[in-house]
Each structure stands twice: as C-alpha cells, then as structure tokens.
Q: 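Sending over a structure as structure tokens; questions will come in a sec.
Each residue takes its place number in the sequence, starting with 1.
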Amino acid sequence: MTELKDLFQSADWKKEKHAPVIEASETVKKGEAVAVQVSVGKEIPHPNTTPHHIRWIEVYFHPDGAKFPFQVARVEFTAHGESPDGPDTSSIYTNPSLACSFKTEKPGTIFASSFCNIHGLWQSAKKVEIA
Ligand SMILES: [Fe+2]
C-alpha cells in the first residue's frame, strides 16, 4: 500500500519549479533566532492561477538525534485570481513565499513541504549547524 510519505517528491529547485527553496544561515549561534525564508518557483516560476497554484508551505525543524520534528510555521496561500466574475479575473494572487524565524540550541535540519493543487506534495531540506 502506498503511504503518504511515498507521495512526497523532491528535486533540485534550480531545475524543478515545485521544489521548495529554503534560505537560512548554514551556521547560527546557540539560542539566536534563525531567519528562514521558503519559496516555490525562485529559479523557474511556478504558475499562479486559479486552476494551478501553490496552496501552502510548512516548515519543520528536526534537531539532530530527536525522535520527531517540530513544526515551525505553516502558511496558506488563499488568493488565486478568483472573483465573482470568475477564475483569473481579480488580479489578486498570493505569492508562494514565507518568512519566519525560530531559536534552537541544537543543530539539525530544516524541512519544508509544499502542495501544488495539480502536482502534489514536495519537500526539501537544509542543514543548520551551531557555531
Ligand atoms: Fe504545479
């Protein structure tokens, strides 16, 4: 039986427009805020239309050796051009990007997941070391 985890896709974001791009310092000081930006379509723009768009991005942090990850943020993108006049008529489109920050005293891995309403679930990861 297929499991949900099997449906997450990943790829090089420079070649695949769906792969979330995680931007954060590779090394941070213990207990200092880690600024994180995550976007979809940084290198190759993803469509942002009523029929085809990114619905949400989630950010997790998994400290090295921890049993489970911690959810840091979840952002839903809820304007996709729709209006009472129909699809792609409002000119209002939420860009699929977010900024958040968190503190950690342990090194670990930032994970980002995202969902395209046509092309499914995507994930990426970025290691964070403590100085
Ligand atoms: Fe897509």
Q: Rounded to the nearest 0.5 Å, how far apart are CZ of Arg55 and CD1 of Ile118?
A: 8.5 Å

Q: With side chains defined as the heavy atoms from C-beta onward, is the minimum distance between Pro20 and Trp122 less than 4.5 Å?
A: yes

Q: Please tell me whether Val36 and Tyr60 are part of a single hydrophobic cluster in this structure, the criterion being side-chain heavy atoms less than 4.5 Å apart.
A: no

Q: Between OG of Ser124 and CH2 of Trp13, what distance do you get to the nearest 0.5 Å?
A: 10.5 Å

Q: So which atom in Thr94 and which in Phe77 form the shortest heavy-atom distance, rounded to 0.1 Å?
A: CG2-CD2, 3.6 Å

Q: Which distance, rounded to the nearest 0.5 Å, do you find between the CH2 of Trp56 and the CG of Leu121?
A: 5.0 Å

Q: Report the C-alpha distance between Ile57 and Ser113 in whole Å, list the side-chain angles of each, state the deciding distance to 0.1 Å, and finish with yes or no for side-chain contact (heavy atoms from CB on, under 4.5 Å).
A: CA-CA 6 Å; Ile57 295 175; Ser113 57; over 6 Å; no

Q: Could you tell me whether a side-chain N or O of His52 sits under 3.5 Å from a main-chain N or O of Thr49, the two making a donor and an acceptor?
A: no

Q: Looking only at non-hydrogen atoms, find the nearest pair between Pro107 and Ile130 and report the distance.
A: N-CG1, 3.3 Å

Q: Would you compute the distance between atom OG of Ser114 and atom CD1 of Ile54 and round it to the nearest 0.5 angstrom?
A: 5.5 Å

Q: Given side-chain contact (heavy atoms from CB on, under 4.5 Å), test Ser97 with Gln37 step by step and report yes or no.
A: CA-CA 7 Å; Ser97 66; Gln37 287 191 309; over 6 Å; no

Q: At their closest point, which heavy atom of Ser90 faces which heavy atom of Ser83, and how far apart are they?
A: CB-CB, 3.7 Å

Q: Answer yes or no: is there a side-chain heavy-atom contact under 4.5 Å between His62 and Phe111?
A: yes

Q: Can you name the residues that form a side-chain hydrogen bond (donor to acceptor under 3.5 Å, both in side chains) with Arg74, not counting sequence neighbours?
A: Glu58, Glu76

Q: Would Ile110 and Phe102 count as a side-chain contact (heavy atoms from CB on, under 4.5 Å) if you check the C-alpha gap in whole Å, the side-chain angles of each, and the deciding distance to 0.1 Å?
A: CA-CA 11 Å; Ile110 298 169; Phe102 70 96; 4.2 Å; yes

Q: Is there a path of hydrophobic side-chain contacts, each under 4.5 Å between heavy atoms of I/L/V/M/F/W/Y residues, joining Val21 to Val75?
A: no

Q: With a cut-off of 6.0 Å (strictly less than), are more than 12 heavy atoms of other residues, nucleotides or ligands near NZ of Lys127?
A: yes

Q: Just verifying a value: how many Å separate His80 NE2 and Asn117 CG, rounded to the nearest 0.5 Å?
A: 7.5 Å

Q: Working to the nearest 0.5 angstrom, can you tell me the gap between Phe8 CZ and Phe115 CZ?
A: 10.0 Å

Q: Going by side chain to side chain donor-acceptor pair (under 3.5 Å), name the pairs with one or both residues in residues 16-27, residues two or more places apart or in two chains.
A: Glu16-His18, His18-His46, His18-His119, Glu23-Lys42

Q: Grab the two heavy atoms, one from Val38 and one from Ala112, that are nearest each other, plus how far apart they are.
A: CG1-CB, 3.8 Å

Q: Run Val128 and Thr109 through side-chain contact (heavy atoms from CB on, under 4.5 Å) and show every step you take.
A: CA-CA 6 Å; Val128 174; Thr109 305; over 6 Å; no

Q: Could you tell me which non-hydrogen atom of Tyr93 sits nearest to which non-hydrogen atom of Thr50, and how far apart they are?
A: CE2-N, 4.5 Å

